[in-house]
Structure formats: structure tokens, C-alpha cells
Colleague: 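Would you mind keeping the following structure in view while I ask a few things?
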Amino acid sequence: DTVKVKLLNSLASAYVSADMFDEALNEAGNALDVAGRLNDRKYIALAYHNLGNAYRGKSDHERALEFYNKSLAIRLQLGDPKSIAVTYAHLGSLYRQKGDFYMSKKFQLMALEIRDKLGDKKEIIGSLNALGNAHTELGQYTEAMSYFLKALKLAESTGDLIDLASLYNNIGRLHNLRLDNKNALDCYRKALEYNLKSGNRKWIATNLNNIGTIYDKKGDTLSALDH
């Protein structure tokens with residue numbers, strides 16, 4: 001049954017990644033039933049977390065918050081810092097989605113504090129990137145750039161193509177908001193280059209659209225149409 005609950009949670013997570021949120025809710029609900037019968041609090045917390053992810057994907061913010069908080073309560077009792085940081089980070093993402101950027105920043109900082117102690121570069125990059133986004137939304141561009149550049153330095157040391165693409169895209173957006181077309185374009189091109197290398201088709205389309213928008217702003221209609 002432990003194998004079954006692991007599989008059900010993995011399926012729920014995979015469905016969330018594929019934007020199949022109703023299927024994710026179904027599998028996470030099944031995982032919760034099995035974990036409840038086993039009285040395995042670690043997997044109950046994971047099932048709650050996956051339910052939160054699925055409801056967040058469906059933009060049902062209140063249900064997502066309810067399940068993230070249920071997951072967090074158990075994880076705090078169990079005292080597993082890595083999973084606590086994951087829930088804090090997801091709460092930060094939820095609040096960003098809700099447009100509450102101060103709360104988003106608060107939870108991302110809590111996640112970063114734990115991740116710094118654990119020393120997991122991939123997770124630290126994620127938190128720094130999220131904090132850069134929160135500060136961008138708040139119009140705090142200097143602070144945003146500081147977080148993005150810290151994350152970029154780490155991402156260059158790990159060589160993770162997805163992280164590098166995401167960061168260059170976000171830095172490009174920041175330059176764009178500052179009306180710095182040249183640097184925005186350079187960053188969007190770098191993001192596109194990394195996404196082409198990793199085959200990340202969903203984001204390739206976004207990068208091309210961003211590049212086209214910059215050319216359009218510059219009045220370069222032919223180049224905009226090329227993209």
C-alpha cells in the first residue's frame with residue numbers, strides 16, 4: 001500500500017505538470033484515502049499538497065490555500081525542512097497568482113531561508129527567481145534585479161538550461177518594464193537560445209512573442225513579423 005500511495009501521488013504530480021487538473025484531483029484524492037488508511041502522515045501531507053497544486057492550477061485559490069495549509073501543518077509537526085520549504089514556496093506562488101505580492105514575497109523569503117541552510121542550489125535558484133518576480137510586480141526593480149542576478153550566478157554554475165532560460169526571460173521583462181529595449185531584446189534572445197537547446201516548446205513560443213513585441217515597440221515591423 002505504501003508503493004500504491006507513492007504511485008498515486010506521483011501520478012497526481014504528473015497530471016499537474018501536464019495541466020490536467022481534474023485528473024490530478026482524482027489521483028491526489030485516491031492517494032489521500034490510501035495514506036489515511038495507512039495513517040502515514042508524510043503521505044497524507046503530500047496528498048494535501050498535490051490537491052493544493054491541482055486547485056491552484058484550476059485558479060480555485062481558496063481551496064488551494066486550504067489544502068496547502070493542511071499540508072503545512074503536518075509537515076511542520078514532522079519537522080522535514082525540505083518539504084516545509086516546498087509548501088512555503090507554493091504558497092508564495094499561490095499568493096502571486098492571487099495578486100498579493102507582499103504575501104508572495106513573505107512566503108518565498110521563508111522558503112529561501114530554509115533552502116539556504118540546506119544548500120540545494122536548484123531550490124535556491126527557484127526561490128531567488130520567485131523573489132525577483134515578486135519585487136518586479138511590486139515595482140521594486142532594483143531589488144528584483146538583485147535577486148535575478150544572484151539566481152543567474154548560481155544557474156550558470158549548475159548549467160541548468162530551464163533555470164537559465166527562465167531567468168533571462170524574467171530579466172528581459174524587467175528591462176522591458178524599464179523601457180530598455182536593447183537589454184530586453186538581448187535577454188529574450190538568450191532565453192530563446194536556452195529553450196531551443198532544452199526543447200522547451202511552450203516557452204519558445206513565449207520568447208518569440210516577447211522578441212516580436214520589442215521589435216514592434218521599436219517600429220521594426222518586418223522583424224516583428226519574422227518572430
Colleague: Out of curiosity, does L112 fall in the hydrophobic cluster containing L149 (side-chain heavy atoms, cut-off under 4.5 Å, transitive links)?
Modeller: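 Result: yes, single cluster for both.
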
Colleague: Would you find a donor on one side and an acceptor on the other, under 3.5 Å apart, between the side chain of S146 and the backbone of T142?
Modeller: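 Looks like no, no N/O pair under 3.5 Å.
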
Colleague: Do the charged groups of D160 and K122 touch, with an N to O distance under 4.0 Å?
Modeller: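 Yes.
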
Colleague: Taking the six-membered ring where the residue is Trp, are the ring centres of H49 and Y68 under 6.0 Å apart?
Modeller: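 Judged by ring-centre distance (under 6.0 Å), H49 and Y68 do meet the cut-off.
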
Colleague: May I ask you to say whether E23 pairs ionically with K58, meaning some side-chain N is under 4.0 Å from a carboxylate O?
Modeller: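 So E23 does not pair with K58 through a salt bridge.
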
Colleague: Return the CD1 to CG distance between I214 and N209, rounded to the nearest 0.5 Å.
Modeller: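 Result: 10.5 Å between the selected atoms.
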
Colleague: Do D180 and N183 have a side chain donor and acceptor closer than 3.5 Å?
Modeller: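 Short answer, yes.
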
Colleague: Taking all heavy atoms of A24 and all of A54, pick out the closest pair and write down the distance.
Modeller: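 That would be CB-CB, 3.9 Å.
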
Colleague: Identify the two heavy atoms, one from T2 and one from V5, that lie closest to each other, and give their separation to 0.1 Å.
Modeller: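 Closest approach of T2 to V5: O-CG1, 3.1 Å.
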
Colleague: Taking the basic N atoms (NZ, or NE/NH1/NH2) and the acidic carboxylate oxygens, is any pair closer than 4.0 Å for D120 and K82?
Modeller: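 Answer for the salt bridge query: yes.
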
Colleague: Is there a donor-acceptor contact under 3.5 Å linking the side chains of S157 and K121?
Modeller: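 Their side chains do contain a donor-acceptor pair, which is all the 3.5 Å distance test asks for.
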
Colleague: Search all heavy atoms of Y168 against all heavy atoms of A191 and return the closest pair with its distance.
Modeller: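 Nearest pair, atom of Y168 first, then A191: CB-N, 3.8 Å.
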
Colleague: I'd like to know if D33 pairs up with R37 as an ion pair, taking the criterion as any Lys NZ or Arg NE/NH1/NH2 lying under 4.0 Å from an Asp or Glu carboxylate oxygen.
Modeller: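 Result for this pair is no, no salt bridge flagged.
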
Colleague: Does this structure show an ion pair linking E156 with K153, if we count only N-O contacts that are shorter than 4.0 Å?
Modeller: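 Salt bridge absent between E156 and K153.
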
Colleague: Assert yes or no for the condition that the ring centre distance of F67 to Y55 is strictly below 6.0 Å.
Modeller: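 So the answer is yes for these two rings.
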
Colleague: Can you find a pair of side-chain heavy atoms, one from D19 and one from K202, that are under 4.5 Å apart?
Modeller: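 In contact.
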
Colleague: Tell me if the centroids of the rings in F107 and Y95 come within less than 6.0 Å of each other.
Modeller: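 Under 6.0 Å, so yes.
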
Colleague: Side-chain contact, heavy-atom cut-off 4.5 Å: Y147 with N129?
Modeller: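 They are not in side-chain contact.
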
Colleague: Counting distance only, does the side-chain N/O of S166 pair as donor-acceptor with the main-chain N or O of D163 below 3.5 Å?
Modeller: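 Not a single qualifying donor-acceptor pair exists.
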
Colleague: Using the rule that two of Ile, Leu, Val, Met, Phe, Trp, Tyr join whenever any of their side-chain heavy atoms come within less than 4.5 Å, decide whether I44 and L11 are in one cluster.
Modeller: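 No, I44 and L11 fall in different hydrophobic clusters.
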
Colleague: Measuring from atom CG of L72 to atom CD of Q77, what distance do you get when rounded to the nearest 0.5 angstrom?
Modeller: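 It comes to 10.0 Å.
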
Colleague: Could you measure the distance from the CG atom of N9 to the OH atom of Y48? Nearest 0.5 Å is fine.
Modeller: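 Going from the CG atom of N9 to the OH atom of Y48 covers 12.5 Å.
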
Colleague: Measuring from atom CG of L152 to atom CD1 of I171, what distance do you get when rounded to the nearest 0.5 angstrom?
Modeller: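 It is 5.0 Å, given to the nearest 0.5 Å.
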
Colleague: Salt bridge or not between R189 and E193? Use side-chain N to carboxylate O under 4.0 Å.
Modeller: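 Looking at R189 and E193, the cut-off is not met.
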
Colleague: Checking R56 side chain against A64 main chain: does a donor-acceptor pair fall under 3.5 Å?
Modeller: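 No, R56 side chain to A64 backbone: no donor-acceptor pair under 3.5 Å.
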
Colleague: Applying side-chain hydrogen bond (donor to acceptor under 3.5 Å, both in side chains) to N210 and N169, what does each step give before you reach the verdict?
Modeller: CA-CA 9 Å; N210 288 340; N169 185 70; 3.0 Å; yes

Colleague: Below 4.0 angstrom, N of the basic side chain to O of the carboxylate: do K105 and E143 qualify?
Modeller: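 No, no charged N to carboxylate O under 4.0 Å.
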
Colleague: Would you give the length of the straight line joining atom CD1 of I204 to atom CG of N195, rounded to the nearest 0.5 angstrom?
Modeller: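 Here the interatomic distance stands at 6.0 Å.
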
